[in-house]
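Supplied in structure tokens, the structure appears directly below.
Numbers restart at 1 for each chain; the letters A, B, ... are given by sequence-line order, proteins then strands.
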There are 2 protein chains.
Amino acid sequence: MKTPPAPLAQPAGKAHIVSGVIHGLLQGRWRGGERLTEAAVAQLFSVSRTPVREALLELAAMGMVQLRRNCGAILQPFGPQQLSEIYAVRTLLEVEATRLAAGNLPPAQLESLRSAFESLQKGNLPDEGWRLDQLLHTTIASHSGNLRLAAEISRYTILVQTMREAAGRVLSGIQSTSIEEHLEILNRISEGDAQGAGAAMRKHLDQAEQSALLAIEALHIGGI
Amino acid sequence: MKTPPAPLAQPAGKAHIVSGVIHGLLQGRWRGGERLTEAAVAQLFSVSRTPVREALLELAAMGMVQLRRNCGAILQPFGPQQLSEIYAVRTLLEVEATRLAAGNLPPAQLESLRSAFESLQKGNLPDEGWRLDQLLHTTIASHSGNLRLAAEISRYTILVQTMREAAGRVLSGIQSTSIEEHLEILNRISEGDAQGAGAAMRKHLDQAEQSALLAIEALHIGGI
DNA sequence: GGAATCAGGATTGTATACAATTTCAAGCGC
DNA sequence: GCGCTTGAAATTGTATACAATCCTGATTCC
């Protein structure tokens, strides 16, 4: 019997819990400082404590909860301040990766990305926006020459992606200005202009932060 | 059928498994690409699979192993290249934190740190070196105004500290030049010279990387 | 002969039971 | 009244059993 690969198919236990807890945090279901007991989370998601423990470890690695020995998980606050901190670190990592990757991307891959974004700009396949955005960031990171830096960036990509999913439709559409920002990054990279590419990436992430800020504020207002 | 390896006599606990695996990696007991089965690690440390799984998750968060669904843990290579990447990311984070913290440290705390390092310089309590080093980095990070940045730096501090413990005495003594580097950082911070403080931190971490590089090379030679 | 198929073993994922530890409030002595 | 002790409830840490999934190697069909 042949089973399909199914790498990112369904939220397999742990991942489902992780995104569920983040969902609750974003919607204001829980507040920072609250203590999550394993049993309560297990009951909430109808699973045993074992996958809950692993999900809490992952959430701790994401910085969403703080784990204390024999005391359980304390939810960290999440609001504009935390979003700002997330983007500050993400920007630090990605700008550096962009500088390192400038002039390092295979021309074919560069051209493929550029034409994809230009196609998006013409209104084709608008739902592909986030996937393309993620592809661009991943491609740049993986050509920085520093695998660990790429891994750290991946952690933040996953974090932002999880927040995006948890926030639902509020963050759904990619902005047209964002497409231009992406093209700007690609152009600077193809020119081998490290500083320019880094600056373009910083500008892009600053814009993304503003969008995310509006989104979580809308969520909080809607949740009350 | 090979005989099972003798259990390592260590107190039970997740942390010991983590440092034990890193120890094995540093000493060349395992090689990158090798697959660690939970059962084997459990037997090696004389514990059940439950704490082993959590240790592997922590090692994955550290970037020392790669976890694949239903496939187990694949050890990542560890050598000069990986050390260089670790220090590149650590430097990126800490230099930024130092810039942000410059002029932000309470004078009392600054003076306390400075006098501690000056005391160290005179030969007092040489064993306190690493603890003081860690304290300086933690203090700077916690005054950067970005708690998430501080948390990321803490992850790297723990990683380096774990490597240090795993490497044993090779890395035991703090260098006298390192004390001067620390004082330089403190001076620039007290002057509120963000760029200078960041540059001093970068210089310090570059030196630390060189020391660590020599240490793991010595370990590998000794292990063969 | 080569590739797809398919058991059987090996390994991870989850559930549950129990041990160790912490928390918290009531009881006690001062 | 205040602080310390203490014991029970609550919670986390660990061990074990079982289910689900994956890997391996021999088999079969073309």
Side-chain angles (χ1 to χ4, degrees), chain A residues 1-21 24 30-62 64-76 158, chain B residues 1-21 24 30-76 158 162:
Chain A
M1 175 173 56
K2 180 196 299 182
T3 49
L8 299 173
Q10 273 300 314
K14 189 175 62 175
H16 182 237
I17 301 171
V18 169
S19 69
V21 171
W30 296 300
R31 295 198 148 190
E34 243 180 279
R35 191 167 148 211
L36 277 185
T37 69
E38 296 175 0
V41 179
Q43 187 165 12
L44 191 62
F45 291 93
S46 302
V47 292
S48 79
R49 278 177 47 218
T50 310
V52 170
R53 285 177 67 84
E54 305 200 346
L56 288 179
L57 283 175
E58 198 164 317
L59 283 165
M62 281 182 173
M64 310 305 282
V65 305
Q66 188 183 359
L67 258 46
R68 289 178 51 192
R69 266 175 59 88
N70 294 326
C71 292
I74 296 171
L75 281 167
Q76 296 299 98
I158 289 172
Chain B
M1 186 77 181
K2 62 180 179 183
T3 58
L8 299 178
Q10 274 186 348
K14 188 175 59 176
H16 293 276
I17 301 173
V18 171
S19 70
V21 171
W30 295 301
R31 296 198 147 189
E34 243 179 279
R35 190 166 148 213
L36 277 185
T37 70
E38 297 175 0
V41 179
Q43 187 164 16
L44 191 62
F45 291 94
S46 301
V47 292
S48 78
R49 277 177 47 218
T50 310
V52 170
R53 284 177 67 84
E54 305 200 346
L56 289 179
L57 282 175
E58 198 164 317
L59 284 164
M62 282 182 172
M64 309 306 280
V65 305
Q66 188 183 358
L67 256 46
R68 288 179 51 191
R69 269 176 58 85
N70 294 324
C71 292
I74 297 170
L75 281 167
Q76 296 298 98
I158 289 172
T162 307

> Between D/dT14 and B/Thr50, is there an OP1 or OP2 to side-chain N/O distance shorter than 4.0 Å?
Replying inline: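 Looking at the OP1 and OP2 atoms of D/dT14, neither is under 4.0 Å from any side-chain N or O of B/Thr50.
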
> With sequence neighbours excluded, what pairs up with B/Thr162 under the side chain to side chain contact (heavy atoms under 4.5 Å, CB included) test?
Replying inline: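 Counting only residues at least two positions away or on another chain, B/Thr162 forms a side chain to side chain contact (heavy atoms under 4.5 Å, CB included) with B/Ser19, B/Ile22, B/Met62, B/Ile158.
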
> What is the bend of the helix from C/dG1-D/dC30 to C/dC30-D/dG1 when you compare the axis at one end with the axis at the other, using five pairs each and rounding to 10°?
Replying inline: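 Result, rounded to 10 degrees: 10°.
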
Validation: residues 37-45 of chain A side-chain donor-acceptor distances under 3.5 Å, sequence neighbours left out:
unit_1  : atom_1 : unit_2  : atom_2 : d
A/Thr37 : OG1    : A/Ala40 : N      : 3.2
A/Glu38 : OE1    : A/Arg49 : NE     : 2.9
A/Glu38 : OE1    : A/Arg49 : NH2    : 3.0
A/Glu38 : OE2    : A/Arg53 : NH1    : 2.9

> What closest approach, in Å, do A/Gly33 and A/Ile74 show between heavy atoms, and which atom pair accounts for it?
Replying inline: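 Heavy-atom minimum between the residues: O-CG2, 3.6 Å.
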
> Taking atom P of C/dT12 as reference, at what distance in whole Å does atom CD1 of B/Ile74 sit?
Replying inline: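 Checked: the CD1 to P distance equals 11 Å.
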
Between the protein and nucleotides 8-13 of chain D, list every N/O to N/O distance that falls short of 3.5 Å.
unit_1 : atom_1 : unit_2  : atom_2 : d
D/dT12 : OP2    : A/Glu38 : N      : 3.3
D/dT12 : O3'    : A/Asn70 : N      : 3.3
D/dG13 : OP1    : A/Asn70 : N      : 3.2
D/dG13 : OP2    : A/Arg53 : NH1    : 2.9
D/dG13 : OP2    : A/Arg53 : NH2    : 3.0
D/dG13 : N7     : A/Arg49 : NH2    : 3.1
D/dG13 : O6     : A/Arg49 : NH1    : 3.3

>> Once salt bridge (Lys or Arg N to Asp or Glu O under 4.0 Å) is applied, what residue pairs with a partner in residues 64-75 of chain A remain, sequence neighbours excluded?
In response: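 For residues 64-75 of chain A: none.
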
>> For B/Ile17 and B/Leu59: C-alpha separation, side-chain torsions, deciding distance, then whether side chain to side chain contact (heavy atoms under 4.5 Å, CB included) applies.
In response: CA-CA 9 Å; B/Ile17 301 173; B/Leu59 284 164; 5.7 Å; no

>> Taking side chain to side chain contact (heavy atoms under 4.5 Å, CB included) as the definition, give me every residue that meets it alongside B/Gln66, ordered by chain and number, with sequence neighbours left out.
In response: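 Counting only residues at least two positions away or on another chain, B/Gln66 forms a side chain to side chain contact (heavy atoms under 4.5 Å, CB included) with B/Gln76.
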
> Between C/dA15 atom P and A/Gln43 atom CD, what is the distance in whole Å?
Replying inline: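 The answer, rounded to whole Å, is 14 Å.
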
> Looking only at heavy atoms, what is the nearest atom pair of A/Leu67 and A/Ala73, with distance?
Replying inline: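 That closest heavy-atom pairing would be CD1-CB, 3.8 Å.
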
> Can you name the nearest heavy-atom pair linking B/Val52 to B/Ser48, along with the distance?
Replying inline: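 Nearest pair, atom of B/Val52 first, then B/Ser48: CG2-O, 3.5 Å.
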
